[in-house]
Amino acid sequence: MPELPEVEIQRRLLDTATRGATLVKLERPDLARFEGDPADLVSHRVVSWGRRGKYLMADFGAWSLLSHLGMTGQWIVDAPTDRAHRRVVLRFDSGRSLTLIDPRRFGWTWIVASQELANHPRLVSLGLDPLAHTWTADNLREAVGPRRPALKNRLMDQKVVAGLGNIALSEIGWRARVHPHVPCRAVAPDAWQRLVEATQQHIDYVLDAEGGDEIVYLGYEGAVNPFRCYGRAGEPCPRCKATFTKGAIGGRATYRCPTCQPLD
DNA sequence: TGACCCCTGGCC
DNA sequence: GGCCAGGGGTCA
């Protein structure tokens with residue numbers, strides 16, 4: 001699934017493929033969740049591709065394209081026209097193209113004036129970005145706050161931390177040896193630094209595993225499970241050999257090791 | 001805080 | 001043939 005590391009990989013691929021190129025045509029073969037006027041982008045040049053949390057942002061000068069990939073969205077460089085699930089195609093004067101593939105149509109695409117991008121409703125309230133220099137134990141503890149709800153619920157909230165998803169949070173909880181259901185206000189003082197480092201380790205792991213010309217989402221539909229904890233209920237913990245369990249927090253599947261991640 | 005919705009493919 | 005998965009919005 002496209003969580004932060006997958007989005008970051010795509011940002012790099014898209015930037016390399018289209019920086020400096022001029023958009024000559026925008027086609028919408030089958031796109032529903034779309035806001036804005038495609039004509040605004042045509043004949044403008046790509047300055048760069050950026051990312052905030054799970055959002056991709058293409059800077060076309062006066063206008064910007066904002067893209068959230070939902071669960072199955074994926075931008076592909078120079079995709080063939082018979083590729084399944086094509087939603088949007090951007091064609092450039094360089095002869096290259098970008099195609100948005102999205103089987104489940106959970107992605108969103110917006111065209112907005114660049115001046116207003118920073119205040120876009122989807123971006124304005126985003127929280128800490130784990131790849132930014134502000135990703136520290138102190139900032140994380142402050143952003144989460146001394147609240148009663150489960151830690152995982154807060155970390156899933158993009159207004160608290162921008163970019164972490166359900167898979168990442170099972171992995172991070174296990175790596176940091178923190179119970180996902182611990183109330184935020186009861187998180188041990190030394191756990192925040194472990195959470196910060198575990199997040200970086202998880203992101204690095206995915207970045208390393210998914211580099212390539214075209215991104216393939218780890219563990220997606222039938223692929224071998226590449227994760228240490230997520231999706232491994234009933235299997236032994238690689239650290240202590242206890243059996244991973246599966247529960248639900250906020251309606252989302254949550255995996256943990258009962259020995260490495262005790263509630264106390 | 002939980003239920004439900006968007007949608008589709010893989011799995012039992 | 002039904003259930004489940006996931007991001008994220010909305011509604012009670």
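Below, chain A is the first sequence line, B the second, and so on; all start at residue 1. Below, all heavy atoms of this structure are taken into account, side chains as well, without hydrogens, waters or symmetry copies.
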Quick one: is C:dA5 close enough that its OP1 or OP2 comes under 4.0 Å of any side-chain N or O from A:Lys246? yes

Rounded to 10°, the angle between the first-five-pair and last-five-pair axes of the helix from B:dT1-C:dA12 to B:dC12-C:dG1 is 50°

From NE2 of A:His68 across to P of C:dG9 the rounded distance in Å is 7 Å

To the nearest angstrom, the CG-C1' distance between A:Leu126 and C:dG7 comes to 13 Å

Residue set satisfying salt bridge (charged side-chain N to carboxylate O under 4.0 Å, His left out) with A:Arg28, at least two apart, ordered chain then number -> none

Write down the protein N/O and nucleotide N/O pairs, taken from nucleotides 10-12 of chain C, whose separation is under 3.5 Å; answer none if there are no such pairs.
none

Residue pairs meeting salt bridge (charged side-chain N to carboxylate O under 4.0 Å, His left out), one or both in residues 57-78 of chain A, sequence neighbours left out, come to A:Asp78-A:Arg96

Salt bridge (charged side-chain N to carboxylate O under 4.0 Å, His left out) pairs touching residues 184-205 of chain A, sequence neighbours excluded, are A:Asp190-A:Arg194

* Asked: Aromatic rings A:Tyr55 and A:His68: how do their planes relate, parallel, tilted or perpendicular, breaks at 30° and 60°?
  -> perpendicular

Regarding A:Arg122, tell me which of base, sugar-phosphate or nothing describes its non-hydrogen contacts under 4.0 Å with the strands shown.
sugar-phosphate

For A:Arg91, the salt bridge (charged side-chain N to carboxylate O under 4.0 Å, His left out) test, sequence neighbours excluded, returns A:Glu27

Where do N or O atoms of nucleotides 4-7 of chain B meet protein N or O atoms at under 3.5 Å, pair by pair?
unit_1 : atom_1 : unit_2   : atom_2 : d
B:dC6  : O2     : A:Arg33  : NH2    : 3.2
B:dC7  : O4'    : A:Arg104 : O      : 3.3
B:dC7  : O3'    : A:Arg105 : NH1    : 3.4

Return no unless some side-chain N or O of A:Gln158 is found under 4.0 Å from OP1 or OP2 of C:dG8. yes

One should read off an interatomic distance between A:Thr18 OG1 and A:Leu23 CG, to the nearest 0.5 angstrom, of 9.5 Å

Sorted by chain and number, sequence neighbours left out, salt bridge (charged side-chain N to carboxylate O under 4.0 Å, His left out) with A:Arg232 holds for A:Glu235

By ring pair (Phe, Tyr, Trp, His ring centres under 6.0 Å), A:His85 pairs with (sequence neighbours left out) none

Residues 130-141 of chain A vs side-chain hydrogen bond (donor to acceptor under 3.5 Å, both in side chains), sequence neighbours excluded, gives A:Thr136-A:Asn139, A:Asp138-A:Arg141

Check the angle between the aromatic planes of A:Trp110 and A:His120 and answer parallel, tilted or perpendicular using the 30° and 60° thresholds. perpendicular

Closest to the 5' end of DNA chain B, once A:His85 and A:Asn153 are matched to their nearest nucleotides, is A:Asn153

**Request:** Would you classify A:Gly165 as touching base, sugar-phosphate or nothing, given that sugar-phosphate means primed atoms plus P, OP1 and OP2, and contacts are heavy atoms under 4.0 Å?
**Result:** sugar-phosphate

A:Leu56 CG to C:dG7 C1', in whole Å, measures 15 Å

message: Considering every strand and a 4.0 Å limit on heavy-atom distances, what is the contact class for A:Ala32: base, sugar-phosphate, or nothing?
response: nothing

Sequence neighbours excluded, the answer for salt bridge (charged side-chain N to carboxylate O under 4.0 Å, His left out) partners of A:Arg11 is A:Glu8

Taken to the nearest whole Å, CG/A:Leu4 to P/C:dG7 is 13 Å

A:Met156 CE to C:dA5 P, in whole Å, measures 13 Å

Residues pairing under side-chain hydrogen bond (donor to acceptor under 3.5 Å, both in side chains) where one sits in residues 245-257 of chain A, two or more places apart or in two chains, turn out to be A:Lys152-A:Thr254, A:His179-A:Arg256

When rounded to whole Å, the CG to P distance for the pair A:Leu123 and C:dG8 reads 12 Å

In whole angstroms, the gap separating P of C:dA5 from CD of A:Glu3 amounts to 15 Å

When rounded to whole Å, the CZ to P distance for the pair A:Phe227 and C:dA5 reads 15 Å

